Amino acid sequence: MKLAGAGALAANSAAPAAAEKTNLGDARSFPRDFLWGSATSAYQIEGAWNDDGKGESIWDRFVHTRGKIRNGDTGDVALDHYHRYKEDIRHLKALGARAYRFSISWPRIFPQGTGPANGKGLAFYDRLTDELLANGIQPFATLYHWDLPQALQDNFGGWQSADTAKAFADYAGYVSAKLSDRVRYFFTINELAAFVELGYRTGVFAPGLTLPPGRLNQVRHNAVLGHGLAVRAIRASAKPSTKIGLADNSIPAVPLVETPEAIAAAEHAMRELNAGYLTVILEGRYTEAYLASAGADAPKFTAEDLRAISSPLDFVGINVYTPTYVRAIGTAPGYEVVPFSRSHPRMASSWQAFGPEAVYWAPRHLQKLWNVKDIYITENGCGTADAPAADGIVYDTDRIMFLRSYLSMLQRATAENVPVRGYFLWSPFDNFEWADGYETRFGLIYVDFATQKRTPKASAAYYAEVVKRNAVA
Ligand code: FCB
């Protein structure tokens, strides 16, 4: 009887015990509560660029200026997600991922950047949020993914003025007050360096400016200030359970060879290469090397600015695509960036070198340097030159190879107790890839932009398998 009893007990618990084992013990598994998701941004998918009272954004203006975007593409229609969001959420559900990061278009909510709010704009994000929740998908909202209201560019020169940072905080407070009963996670800004460097230094992104160093440093400062003021505004307005962070594309310094010296050099490089962005946000001061190298062009700021900029965060999100290899050197600054070899493998976007180690080292640096306790990979993915095969399927072998490699390195991080809590794949759908237009495709789901037909690629099945197993597949 005793034996039978024990046997019965064992038989009863056999299934859950085995499931637990795959979640905890497997060499390729992620932690049990690891959050799988995917990410998009408003301008890249929504279309409906002037529907329902939306104001013009700097990206609307930029794409309507001849010669700025490859093939003259625009986001006027994009994926028409604004009207097709229900179908799109069905696709998200089929991937099995439980989280979705989207961005809110500021000029839909405040068409002039400040002033009266546009209820119809907010209503879209209400519908989107409700539909996600009804499908068991947790919404993660980004407040600024680069589509600044054009009025703020016209009136203040955009991020050249601290007035834009203040307007951003007001908007962030307003939206988080309205949505935080259902949206628990907010990101202030997506990729500080991308919109500042490309928008104000090289001019290949909106608003297309090429500012000299002093004015550029002030833009960088106003951007981190906008982040910090928004953190405060969200804390003041949103439900207390709200979690606040950002989605930054910090430069991930990767030791070329993992010697103790190169690892120390990479940690040092991580602080300095990100001094104007993540480092000042997490440390509340600009590094001496940053200020010294800027000299007379250093940004103007107050101690109060620095306090706002370094407002405490609940988590840090990082978008990781490409490594920056470094090695140790005997002279100042103690590290050197190693250029990519001529034959270094690349993905279809010209800027994207292949380097899966980046997704291990970036979060490891966050833990080691700044003791960050909750880290999310808020974007990772690759651009490819997909086309359907004769049978209608897109066999994106390169994307599957890319994901398997990067996820293996991410799994190395979680296995070593680096506190990465979740991963958002960029992107569920092919979309408008900024100055590259529609030619470079980042989606798990192929979009025929002429018909708006969505067709899952081979990589969608791959990602669904990863999510299902909670392990590298
Ligand atoms: C990131 C952006 C995102 C997308 C991917 C490919 O820099 O945040 O909008 O364009 O790159």
Side-chain angles (χ1 to χ4, degrees), residues 37-47 57-60 62-63 68-70 73-75 78-79 81 100-106 140-148 187-202 204-206 223 227 245-252 274 277-278 316-324 346-355 358-359 362 376-386 396 398-399 402-403 406 423-445 447 457 459 463:
S38 63
T40 62
S41 88
Y43 188 73
Q44 293 176 279
I45 65 167
E46 285 178 359
S57 80
I58 58 170
W59 272 93
D60 295 318
F62 197 65
V63 302
K68 299 294 185 192
I69 310 295
R70 192 194 286 172
D73 290 342
T74 76
L79 280 65
H81 172 77
Y100 174 60
R101 174 178 168 241
F102 60 95
S103 85
I104 293 169
S105 162
W106 181 353
F140 284 65
T142 308
L143 291 160
Y144 187 71
H145 202 125
W146 310 349
D147 45 355
L148 186 78
F187 306 86
T188 55
I189 292 183
N190 179 73
E191 297 199 352
L192 291 148
F195 82 86
V196 172
E197 305 300 326
L198 300 174
Y200 290 83
R201 179 166 60 83
T202 65
V204 300
F205 278 11
H227 155 81
L246 79 171
D248 193 43
N249 61 328
S250 328
I251 295 172
N274 299 297
Y277 299 113
L278 196 62
V316 173
I318 38 173
N319 299 352
V320 183
Y321 288 95
T322 284
T324 292
R346 288 179 172 274
M347 308 309 292
S349 287
S350 57
W351 51 267
Q352 197 176 13
F354 180 73
V359 84
Y376 290 87
I377 304 301
T378 33
E379 285 182 25
N380 172 243
C382 64
T384 57
D386 298 319
D396 50 347
D398 42 2
R399 176 167 292 101
F402 176 97
L403 291 173
Y406 275 68
Y423 172 91
F424 293 81
L425 190 148
W426 185 277
S427 188
F429 310 102
D430 291 339
N431 60 69
F432 177 79
E433 178 50 18
W434 309 112
D436 288 342
Y438 293 102
E439 217 171 273
T440 317
R441 293 174 176 269
F442 273 82
L444 294 175
I445 294 162
V447 178
K457 305 177 190 174
S459 60
Y463 191 55

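What you are looking at is a predicted structure, and each value in this text was computed from that prediction instead of being measured. Atoms within each ligand, like the ligands themselves, are counted from 1 in listed order.
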Legend entry - Nearest neighbour in protein (non-hydrogen) for atom 3 (C) of ligand 1: E379 OE1, 3.4 Å
Inset, instruction - Indicate yes or no: does an N/O atom of S41 lie under 3.5 Å from an N/O atom of ligand 1? - result: no
Inset, instruction - Please verify whether a non-hydrogen atom of N190 lies at under 4.0 Å from ligand 1. - result: yes
Inset, instruction - Show which atoms of ligand 1 fall inside a sub-4.0 Å distance from at least one heavy-atom site of W434. - result: 3 (C), 4 (C), 9 (O), 10 (O)
Inset, instruction - Considering the heavy atoms of E191, write down every atom of ligand 1 situated less than 4.0 Å from one of them. - result: 1 (C), 2 (C), 7 (O), 8 (O)
Legend entry - Those atoms of ligand 1 less than 4.0 Å from some heavy atom in Q44: 3 (C), 4 (C), 9 (O), 10 (O)
Inset, instruction - Determine the minimum heavy-atom distance between S349 and D436, stating which atoms define it. - result: OG-OD2, 4.5 Å
Legend entry - Salt-bridge present (E379, R101; N to O < 4.0 Å): yes
Legend entry - Y43 side chain to S103 side chain, donor-acceptor N/O pair below 3.5 angstrom: no
Legend entry - Shortest heavy-atom approach to atom 5 (C) of ligand 1 - which of Y321, F205, F442: Y321
Legend entry - Parallel, tilted or perpendicular, as decided by the 30° and 60° cut-offs, for the rings of Y463 and Y423: tilted
Inset, instruction - For the residue pair F432 and W59, categorise the inter-ring angle as parallel (less than 30°), tilted (30 to 60°) or perpendicular (more than 60°). - result: perpendicular
Inset, instruction - Can you spot which of F62, Y200, W146, F195 makes a ring-ring contact (aromatic ring centres under 6.0 Å, His included) with F205? - result: W146
Inset, instruction - Considering the heavy atoms of E433, write down every atom of ligand 1 situated less than 4.0 Å from one of them. - result: 4 (C), 6 (C), 10 (O)
